[in-house]
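No hydrogens, no waters, no symmetry mates; every other heavy atom, side chains included, goes into these values. Sequence lines set the chain letters: A, B, ... in the order given, protein chains first and strands last, and positions in each chain run from 1.
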Amino acid sequence: MASYDFREIEKKWMDNPEDRDINRGVDFDKREKKYVLVEFPYPSGEGLHVGHAFSMTGSDVYARYLRMKGFNVLFPMGWDAFGLPAENYAIKTGIQPQVTTDRITKLFKEQMKRMAFSFDWDREINTTLPEYYKWTQWIFIKLFEKGLAHKEEMPINWCPKDKIGLANEEVIDGKCERCGAETEKRTISQWVVKITDYADRLIDGLKNTDFIEKVKAAQVNWIDRKEGMEIEFLIGGSEEKIRVFTTRPDTLTGVEFLVISPDHKLAEKFGNDEVKRYVEKYKQRDIKNREEKQKTGVKLTVRAINPLNGKEVPIFVADYVSMDFGTGAIMGVPSHDERDKDFAKEMGISFEAVTIPEIGMWGEVVNKGWGKKKVSYHLRDWIFSRQHYWGEPIPMVWCKKDGWVSVPENELPIVLPKVEKYQPTDTGESPLANIKEWVDTKCPKCGGEAKRETDTMPNWAGSDWYFLRYCDPKNSSALADMEKMKYWLPVDMYIGGDEHNTLHLLYSRFIYQFLFDLGVVPKEHPEPYKKRLSHGVILAPDGKRMSKSKGNVIAPEEMTSKYGTDVVRMYMSFMGPFDATMAWNERSLIGVSRFLERFYKLVTEHAGKNSGQEMEGKRLINKLVKSAGEDLEEFKFNTVVAKLMETTNGLAKITGSIENEDLRAMVKVIAPLAPFVAQELWVVLGGHGSVHSQAFPVAEEKFLVSEFLSLAVQVNGKVRGVIEIKPEATEEEVIEKAKREEKIAKFLAEGEIKKVIYIKGKALNFVVG
RNA sequence: GCCGAGGUGGCGAAAUGGUAGACGCACUAGCUUUAGGAGCUAGCGGGAGCAAUCCCGUGUGGGUUCAAGUCCCACCCUCGGCACCA
């Protein structure tokens, strides 16, 4: 027995042309701008996920609120559409990834419209379109020109079954994500981008942002800057030296052995057969998946000399030392390092406790030339090559004479050619390698015969700079117009998942800083994002993560057709704090549905009755207006809904009528959350045009005060009674009234009043002793 | 181990140092001859009591304060991220 038909209302207002205008971000508008960005999705075949629906609903409520507050809001959406699923689907079915992508993108867009997301569709972008990735390629060329991109022999994860190189994120538990075969290590030539050159900038730049603490921490920890020293150890009977990295040069006296990584080049040089076997075994495995807690290692035939005391110590190869950090070699100080102690025990190395000199040895080590100060980072350079088809072609050409040469800018974009087969080649190159007429080209420098790079870019490439493109999505002569970027940047609020707080955010900040140095983004804005907010996670009703295999997936589409868009949006706002992990609960959703019914009834019943209104109604609505505004500002949507419910419950008890103006104010408050019902009620209340272009109401202070307020009276800190006072009552009046209250007087009589604390209108405490 | 976020009814959760549990779900009782996730009224942290009322309650133990879920110290547990990082 619904009091309103959500289907009809939705149909009526879904494509309101006026709203399309309202949702547009206007370049150079005189209103103050706000750039609200929510991560654009990878359009996967399953359609819009409830997680998308949740984070986008929160972002949308916020964007709608800001518009009503009079801001010129940029709230764009697009598609991060390069990726493996479409490619895998193509391998299976032969359907071109672009075709699949176009189809799914349309589906997503439809579903987003049904959720009433107020995106500015005029600015829609798609990372797979040549007019977009032209600029992704352009950025790569600039990186190459500035010496920040080069080819390097790199060990990669190799799937022997699929004959393909896999990125770390494509290897799950040491197995290929696609076929489940054990992966191995293989060395191939890869494009590498020197993000480490920006390590310090990426840390320092955080000062110019308001990211929440955990996001800043994630960035800093990922970069993990460590100051220490590189110390040189001579190898006995050889000209070779081993450089170790340590943050504790003062423990040099306690060195009992050195350890080098199996990837260290000296392992090969000084290794006997046993060492070779160890290294071989190590390389078969995925480094990330060592389960054994026990440390293993083998001894080299040579020994190292401690520069401090000339002591000869053995050198081991062990996999607990990683080539990725420091120098790939450490000095083993079992008396001061737990891991070294474990290793010494495993290897049967005896050691004694040593006292560390009072004064650090930094100076001595440096002065005597044994070593030098060094900063080391956990952050590694960024492997930028993928041997996949469905990605941006890397715009480089290999010429025997000139080496790697970048494609001239005026030849961009290098369009991804259509292929017949999406299977990888036997050599592990991308399917592009099979297209001879595409690969064979002329060297841009010497005009001689040359070959195109067949690697494509990683998934991150297109999403690194997409927020710039939204400022000016159709520009054909630049990433985006400088003046437009100057107007819209920085992104005021960037909403996304925790999983992107490290890599995506870091890569994207790096690319922005690089573009900043090139002078192609505004010099006024050294950082791209002002604020970063993590959205929460929605679990299945069983409290587990949703997954197709568990069959516990909630589809937003199903929910909206069953209960209506407004109910689903309001429920998602109500279910908990925006950044919390919450389980879906349909009963609770029904509660929200019941509320919306009551709300609708209340407004329609009071509409047009303007006489005999009660002050209490006015007060409730003004109170709502005030606190709801504050909560919306802070993404506290759950309490906004709670307050709307509270107000509605309170108003239902009122016998008189409610003024139309107040009803309208209430409808404006609900508008960002429940846009369809709000619009319908707006019209019922005689409003003109769209409720979404109305100014968010402002509470009138004079209506906020009630005639009486209740004050908790404490005796020795415990609440012993409540008295009704007038807000303007003086301290003396309040104390007198409290003393006359029987319940309180009883406790006061137990002793002498030593002190009275009165906080106006808030608390009264008698200290009795 | 490190970093981050948390620990409040049966459940999801509220609470600028000032009446803990708003709001919702579930539940209980009653009303309404009640068309399909109904509506209305009342109750709903634990204990004692016919009741008024009293005592105890925000992970544990200390502390600051007239007053602590909230601030400080130590510890325990849960979740998320990163980890043999030298």
> Going by an N to O cut-off under 4.0 Å, is there a salt bridge joining A:E346 and A:K295?
Replying inline: no
> Which part of the nucleic acid, if any, lies within contact of A:K562, taking any heavy atom under 4.0 Å across all strands shown: a base, the sugar-phosphate backbone alone, or nothing?
Replying inline: base
> Rounding to a whole Å, what distance do you find between A:H378:NE2 and B:A83:C1'?
Replying inline: 8 Å
> So what does A:R720 touch, heavy atoms closer than 4.0 Å: a base, only the sugar-phosphate, or nothing?
Replying inline: sugar-phosphate
>> Does A:N649 reach a base, just sugar-phosphate, or nothing at all? Heavy atoms under 4.0 Å.
In response: sugar-phosphate
> With a non-hydrogen cut-off below 4.0 angstrom, is A:K754 in contact with a base, only sugar-phosphate, or nothing?
Replying inline: nothing
> Could you give the CG-to-C1' distance, from A:L709 to B:G18, as a whole number of Å?
Replying inline: 13 Å
>> Mind checking if A:Y377 touches a base, just sugar-phosphate, or nothing, with heavy atoms under 4.0 Å?
In response: nothing
> A:H49 vs A:H52 aromatic rings, parallel, tilted or perpendicular, using cut-offs 30° and 60°?
Replying inline: perpendicular
> At under 4.0 Å between heavy atoms, what does A:S593 touch on the DNA or RNA strands: base, sugar-phosphate, or nothing?
Replying inline: nothing
> B:A83 P sits how many Å from A:R380 CZ, rounded?
Replying inline: 8 Å
> Counting side-chain heavy atoms from C-beta on, which of B:A86, B:G18, B:A5 comes nearest to A:T247?
Replying inline: B:A86
>> Categorize A:F766 for me: base, sugar-phosphate, or nothing, with a 4.0 angstrom heavy-atom threshold over every strand shown.
In response: nothing
> Is A:E586 salt-bridged to A:K562, cutoff N-O under 4.0 Å?
Replying inline: yes
> Taking only N and O in the side chain of A:K643, is any of them less than 4.0 Å away from OP1 or OP2 of B:C23?
Replying inline: no
>> Check the orientation of A:H504 and A:Y494. Use parallel for under 30°, tilted for 30 to 60°, and perpendicular for over 60°.
In response: perpendicular
>> On RNA chain B, does the nearest nucleotide to A:I590 precede the nearest nucleotide to A:K214 from the 5' side, or the other way round? Give the residue.
In response: A:K214
> Quick one: A:L379 CG to B:G81 P, roughly how many Å, whole number?
Replying inline: 20 Å
>> Can you see if the side chain of A:N638 gets near the phosphate of B:A14 - specifically, an N or O under 4.0 Å from OP1 or OP2?
In response: yes
> Relative to each other, are the rings of A:Y320 and A:F343 parallel, tilted or perpendicular (30° and 60° limits)?
Replying inline: tilted
> According to the Watson-Crick and G-U wobble definitions, with both distances under 3.5 Å, which nucleotide is paired to B:A83?
Replying inline: none
> Taking NZ, NE, NH1 and NH2 as the nitrogens, is one of them in A:R7 or A:E10 under 4.0 Å from a carboxylate oxygen of the other?
Replying inline: no
> Hey, are A:K341 and A:E256 close enough for a salt bridge, meaning a charged N less than 4.0 Å from a carboxylate O?
Replying inline: no
> For A:A218, which contact category applies under a 4.0 Å heavy-atom criterion: base, sugar-phosphate, or nothing?
Replying inline: nothing
> Paired with B:U41: which nucleotide, if any, by Watson-Crick or G-U wobble criteria at under 3.5 Å for both distances?
Replying inline: B:A29
> With both distances under 3.5 angstrom, what nucleotide forms a Watson-Crick or G-U wobble pair with B:A48?
Replying inline: B:U53
>> Could you check whether the side chain of A:K295 and the base of B:C84 have a donor-acceptor pair of N or O atoms closer than 3.5 Å, going by distance alone?
In response: yes
>> Does A:K636 reach a base, just sugar-phosphate, or nothing at all? Heavy atoms under 4.0 Å.
In response: sugar-phosphate
> So what does A:G591 hit on the nucleic acid, given a heavy-atom distance under 4.0 Å: a base, only sugar-phosphate, or nothing?
Replying inline: sugar-phosphate
> B:C3 base to A:N221 side chain: any donor-acceptor pair below 3.5 Å?
Replying inline: no
> Could you give the CG-to-C1' distance, from A:L624 to B:A22, as a whole number of Å?
Replying inline: 14 Å
>> The side chain of A:N765 is closest to which nucleotide in this list: B:A67, B:G24, B:A15?
In response: B:A67
>> Quick check for you: among B:A22, B:G80, B:G39, whose closest atom lies nearest to any side-chain atom of A:R594?
In response: B:G39
>> Determine whether a donor-acceptor pair (one donor, one acceptor, N or O, separation below 3.5 Å) exists between the side chain of A:Q714 and the base of B:G18.
In response: yes
>> Using whole Å, what does the distance between atom P of nucleotide B:G81 and atom CG of A:L506 come to?
In response: 18 Å
> Which residue lies toward the 5' end of RNA chain B, A:A712 or A:T502, if each is placed at its nearest nucleotide?
Replying inline: A:A712
>> I need the CG-P distance between A:L539 and B:U78, as an integer number of Å.
In response: 18 Å
> Across the strands shown, which category fits A:V722 at heavy-atom distances under 4.0 angstrom: base, sugar-phosphate, nothing?
Replying inline: base
> For A:E213 and B:C3, what is the distance between atoms CD and C1' respectively, to the nearest whole Å?
Replying inline: 10 Å
> Looking only at atom P, what distance separates B:A74 and B:G24, rounded to whole Å?
Replying inline: 41 Å
> Distance between the P atoms of B:G47 and B:C3, in whole angstroms?
Replying inline: 42 Å
> Looking at B:G80, B:A15, B:A86, which one has an atom nearest to any side-chain atom of A:D498?
Replying inline: B:G80
> For A:Y758, which contact category applies under a 4.0 Å heavy-atom criterion: base, sugar-phosphate, or nothing?
Replying inline: nothing
> From the list B:A86, B:A14, B:G24, which nucleotide is the closest neighbour of the side chain of A:P577?
Replying inline: B:A14
